[in-house]
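When a ligand or atom number is given, it counts from 1 through the structure's own listing order.
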Amino acid sequence: MKVRKAVIPAAGLGTRFLPATKALAKEMLPIIDKPTIQYIVEEAKKSGIEDILVVTGKGKRPIEDHFDSVPELEQNLKDKGKTDLLKLVEQTTDINLYFIRQSHPRGLGDAVLMAKDFVGDEPFVVMLGDDIMEDKVPLTKQLMQRYEDTHASTLAVMKVPHQEVNKYGVIDPAAQTKPGLYDVKRFVEKPDVDKAPSDLAIIGRYLLTPEIFQMLETQKPGAGNEVQLTDAIDRLNKIQRVFAHEFKGDRFDVGYKFGYLKTSIEFGLRHPEVKDELRAYIKDLSKKIK
Ligand code: UTP
């Protein structure tokens, strides 16, 4: 069955960005001039995803507004002949987006469970707004290509520095069935550094079969007292194979302050409008900093 649907959980509290995220959705924080969630939606579009469900929560209304049309703004840009800006604005509405609210942020697993009716009995993709991924073939597309082969759930993983494994879901890999595609013995959420089964961490893209919902419906809270998607995937792996696909592209983790800052600088150094000034500024600044 073709993968057509994606779910973007965006109902978290974003506590790592407080106080900015007190009233503002973390997914709306811009990297230069684009909210982070738009990068995720664009990856879905490029991968051939047709329908996206965004799981939102309190204070997340601006996400819905961002992807809606604003006739007065569009007319104003048309009247002033600002066709480039008009194109940018129009691009934001060029996708089928649906919204559902998670009333209590009980964890990523609970947020994904909100998508049960939307997904039905199709395989689907979960895309986290914290991670912007770049590669020649979008990561979501890479997972969809793997699925054509395996017809099984496949998660994206990436090698991370060993001392950081306790921030992630980590896999205990078995053999590689194909280069870069692992059979997995078990999935562990936020293991202690000295107990982690590998340095292969689950990053923010998951292709899942609909059987995951049976697991999520009975999933007890785990690490951080949250319903963990990783725990449900570990149980799914006991009734059907779940694979891990190693991502070799670039990952920009914008879910914490320093990652957000690094991504802003790197994307700024490529942005046609600001790159020259920014490069000159950084050079100048680095002379001042000892
Ligand atoms: P995170 O833990 O990275 O996001 O969850 P957070 O909770 O918003 O941020 P911090 O840790 O407090 O700073 C990963 C993703 O899962 C979503 C978040 O919105 C984020 O995109 N999520 C998390 C939900 O949708 N619902 C939840 O109950 C928890």
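Salt bridge absent: Glu226 and Lys190 never bring a charged side-chain N and a carboxylate O closer than 4.0 Å. Contact check on Asp135 versus Lys141 returns no salt bridge, with no Lys/Arg side-chain nitrogen under 4.0 Å from an Asp/Glu carboxylate oxygen. A salt bridge does not link Asp253 to Lys167: none of the charged nitrogens lies less than 4.0 Å from a carboxylate oxygen.
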Item checked: salt bridge (charged side-chain N to carboxylate O under 4.0 Å, His left out) between Arg186 and Asp172, worked out -> CA-CA 5 Å; Arg186 75 199 159 100; Asp172 186 355; 3.2 Å; yes
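The residue among Gly204, Gly129, Pro105, Gly12 with a heavy atom at the shortest distance from atom 24 (C) of ligand 1 is Gly12. Of the options Lys26, Arg16, Lys257, the smallest heavy-atom separation from atom 6 (P) of ligand 1 is shown by Lys26.
In this structure, the protein non-hydrogen atom closest to atom 16 (O) of ligand 1 is Leu108 CD1, 3.5 Å. In terms of protein heavy atoms, atom 28 (O) of ligand 1 is closest to Gly107 N, 2.7 Å.
Taking distance alone, with nitrogen or oxygen atoms compared against 3.5 Å, Pro9 approaches ligand 1 more closely than that limit. Note: an N/O pair closer than 3.5 Å links Gly14 and ligand 1 by distance alone. Annotation: Arg106 places an N or O atom under 3.5 Å from an N or O atom of ligand 1; distance criterion only. Residue Glu226 has no N or O atom closer than 3.5 Å to an N or O atom of ligand 1. Checking only distances, Leu128 never comes within under 3.5 Å of ligand 1, N or O to N or O. Remark: ligand 1 and Gly255 share no N or O pair separated by less than 3.5 Å (distance only, no angle test).
Within the 4.0 Å heavy-atom shell around ligand 1 one finds Asp130. Ligand 1 has no atom lying under 4.0 Å from any heavy atom of His104. Under the 4.0 angstrom criterion for non-hydrogen atoms, Asp110 is not in contact with ligand 1.
Side-chain contact check for Leu128 versus Leu108: some heavy-atom pair is nearer than 4.5 Å. Side-chain contact check for Ile233 versus Leu208: some heavy-atom pair is nearer than 4.5 Å.
Aromatic ring centroids of Phe67 and Phe99 lie 6.0 Å or more apart. Between Phe252 and Phe267, the ring center distance clears the sub-6.0 Å criterion. Aromatic pair Phe118/Phe124: centroids not less than 6.0 angstrom apart.
Which parts of ligand 1 touch Ala111 is read off a 4.0 Å heavy-atom cut-off, strictly below it: atoms 24 (C), 25 (O), 26 (N).
Using a 4.0 Å cut-off between heavy atoms, Ala11 contacts ligand 1 through both its backbone and its side chain. If you look at Gln102 next to ligand 1, the close heavy atoms, those under 4.0 Å, all belong to the side chain. At a heavy-atom cutoff of 4.0 Å, ligand 1 is contacted by both the backbone and the side chain of Thr15.
Under the salt bridge (charged side-chain N to carboxylate O under 4.0 Å, His left out) rule, Glu50 has a single partner from Arg4, Lys45, Lys5, which is Arg4.
Under a hydrophobic-cluster definition in which Ile, Leu, Val, Met, Phe, Trp and Tyr are linked whenever side-chain heavy atoms come within less than 4.5 Å, directly or via other members, Ile239 and Leu113 are assigned to the same cluster.
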